[in-house]
2 protein chains.
Amino acid sequence: MTYCWFKGNLQTEPLQLSPADRGLTLGDGVFETLLVIGGVAMWRQAHLNRMERAATELGIDFPSIEIDEAITQLCEKCMTEAWVLRLTLTRGVTSRNLWEDGTAPTFLATIARTDPRFMFTSVEVITSKVMRNETAPSSRMKTLSYIDQVFAARQAHAAKASDALLFNSKDVLAASTIANVFVLSGHELATPAVNEGALPGVVRRFLIDSAPQIGFTLREGGITRAELQAADGVFLTNSLRLLRPVTALDGIAVPHGRVETIIDLLASETKRQCGVDPRSI
Amino acid sequence: MTYCWFKGNLQTEPLQLSPADRGLTLGDGVFETLLVIGGVAMWRQAHLNRMERAATELGIDFPSIEIDEAITQLCEKCMTEAWVLRLTLTRGVTSRNLWEDGTAPTFLATIARTDPRFMFTSVEVITSKVMRNETAPSSRMKTLSYIDQVFAARQAHAAKASDALLFNSKDVLAASTIANVFVLSGHELATPAVNEGALPGVVRRFLIDSAPQIGFTLREGGITRAELQAADGVFLTNSLRLLRPVTALDGIAVPHGRVETIIDLLASETKRQCGVDPRSI
C-alpha cells in the first residue's frame, strides 16, 4: 500500500505531471526520506530544516505549510508498523534556461511500508572508484540528481556487496551511496566532515551530539583509507535503517567494535520519539 | 506549441507518471536534445547511438523501435522553422534499492519551437568553482542528474554571464554546463577529451572529423587555464545552438579568432542535412 500527496491533496497514483517538470528533466530538486513508526515521523523538524536549507540554496521556493500538512495527513494513515515517508520538491516548470528560478515548485510525498528487519542488520561494502565531488554543493544535499550513487550502488551489487564507500577529490572518505559513515578506533568515533562531501545526515547529527554521553570522543573529517582499514569497527547511518554495521570492506572482514552500545542509543531514541523500540516491531 | 510522445503514443500534456518513476525520484535516466529543421532531426543516428550507449552502461533497456517511431511522428508535425526535440528515457519504476535494473523503462519525447536567432550568437562565460567529476561515468553521458550544471549555470547568471566553464579534478578544462568547449590557438583547435569529463558531443565529433579539411589541426585534451586565457578564440558547441563564440571569460575579453570559417562549415552541414541554412531562418 502506498499513499500519495500531490498538489495540495491526498490522491491516488499516477500523478499528472508536466513533461517539462525539472524534477523529471534535470533532477532539479531535493528530497527527504523519513522513518515513520507508530504514526510519528522521526526527526521531523530536522529533516524539514535540511530540506528547506537545500531548497533555498538552489533557489527553489519551500512550501512549508503544504509540506507540514502532507506529513500530518499521510502519517495519520500509518499508525502501526514502520513506514518510509518520502518528500520530493522540484523546481517545477520553467523555460529551457538552466539558470531559471522557477515560480511554482512541484511538491509530492509518498508513504509506503518498509521492512523493519533491515534496521541494524550488517552489510558488506566495497570502495568505489567514483569520486565524491565535494566541490559541488549537491554533495551536501539530498538532490534528485542521484545518478552517481546509482552507478556506484550497481558496482557494489555486481561485486555482491550492499553498498559502496566514496572518497573525495583529496582521497578522504566522504560517504556511502545512501548513508553516512562512522569509523570506530578505540573510544574515538570519526565521521567525514560536510565540507569533505558528507551529507549533513540526521542520524549523523544525533550521534555527534549524543555519543559523547556514552563514552565516545567524536572527530569530524580526515578519514584516510589507512584509518578505515585499521578501524576497530565501521558502520553506516541513515534515517531508514538507522545503523548498519559493516562486516566486510572490499571482501576483507571488518571487526565489530563497540557498535552495540550505539545501536542501544538509537533504539532508545526511537522509542522516546515514537513510543516503540524498533527491534520489537 | 509543444507535442508530446509518451508510452507508445502521441498525447497531450500532462503525463500520467508514477510517483516512483526513477527519472523523477533519482535523476536515473538519460536524454538527448536534437535540432529539427524542416522536419529533419539533425545527426539523428549519432544522437541515438550515444543515448543507447549510455542507457546500456547504466543497465537501462533501450526501446529503439519506439524511439524511432516517436521521432518520425513528432518531426512530421514540425516541417517548418526550427524545433528542439527532446528524448527522455528513465529506468522506470523499481523497488527502493538503488542498484535495481528495472524492467520497463519510461520513454517520453517532446518537440517545441526553438528560436533560431540564438544559433551562432556570442556569449560571455565565467569559470565555475564546481569541479567536473571525470571519475563518474555520468560525466560522459547526458543523464537526468543535472543539478551540478544547474548550480553552475545559476552562478553564471548571477555574474551576468550566459554559461560557466568547468574544470576537472586535475584542473584541466572539461566542459561548459550545456556545451563542449573549443580553444583556438593559431591553426590548432583543442577540445577537452572524453576521459577528462567532456561529453562526447555530436557537434564536437563533427568538428573533430571535419575541421582538418578547412586547415585546422585538432588536439583532444590537456587544456590548462593558461592555455584558455592565452587563446586566439574560444567557442562552445552543442546540438541546439551549434556554435557560440565566447567574447568574455570572467569579465575579460576573448579574441574572436577564425571562428567564421567554422560557423560556415556548420551552416553548410545543416543545409546539407536539413535543406536550410540556419542563418536564413
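Every chain is numbered from 1, with letters handed out A, B, ... down the list of sequences.
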Is there a donor-acceptor pair under 3.5 Å between the side chain of [X] and the backbone N or O of [Y]?
X        : Y        : answer
B/Asn133 : A/Arg132 : no
B/Ser18  : A/Pro14  : no
B/Ser169 : A/Ser169 : no
A/Thr135 : B/Met131 : yes

Chain B contact via [X] - side chain, backbone, both or neither, heavy atoms under 4.5 Å:
X        : value
A/Thr110 : side chain
A/Thr90  : side chain
A/Asp163 : neither
A/Pro19  : both
A/Gln149 : both
A/Thr33  : side chain

Problem - Pairwise distance CG(A/Leu144) to CD1(B/Ile147) - rounded to 0.5 angstrom - result: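 The distance works out to 7.0 Å.
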Problem - Gap separating the CD atom of A/Glu57 from the CZ atom of B/Phe151, nearest 0.5 angstrom - result: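 A/Glu57 atom CD to B/Phe151 atom CZ measures 5.0 Å (nearest 0.5 Å).
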If you count heavy-atom pairs under 4.5 Å between each of [options] and chain B, which one has the most?
options                     : answer
A/Gly27, A/Ala152, A/Ser145 : A/Ser145
A/Leu17, A/Val130, A/Asp28  : A/Leu17
A/Leu108, A/Asp148, A/Thr25 : A/Thr25
A/Leu58, A/Asp21, A/Thr88   : A/Leu58

Practice task
Check step by step if side-chain contact (heavy atoms from CB on, under 4.5 Å) holds for A/Val150 and B/Arg22.
Solution key: CA-CA 10 Å; A/Val150 168; B/Arg22 287 174 59 140; 3.7 Å; yes
Exercise for the section: Just do the side-chain contact (heavy atoms from CB on, under 4.5 Å) check on B/Asn97 and A/His157 with the steps written out, would you? Expected result: CA-CA 10 Å; B/Asn97 296 311; A/His157 186 68; over 6 Å; no
Handout entry: Test side-chain contact (heavy atoms from CB on, under 4.5 Å) applied to B/Ile178 and A/Leu98, step by step
Key = CA-CA 9 Å; B/Ile178 54 166; A/Leu98 282 192; 3.5 Å; yes
Handout entry: Stepwise side-chain contact (heavy atoms from CB on, under 4.5 Å) check, B/Arg96 with A/Leu240
Key = CA-CA 12 Å; B/Arg96 290 185 48 83; A/Leu240 295 186; 3.3 Å; yes
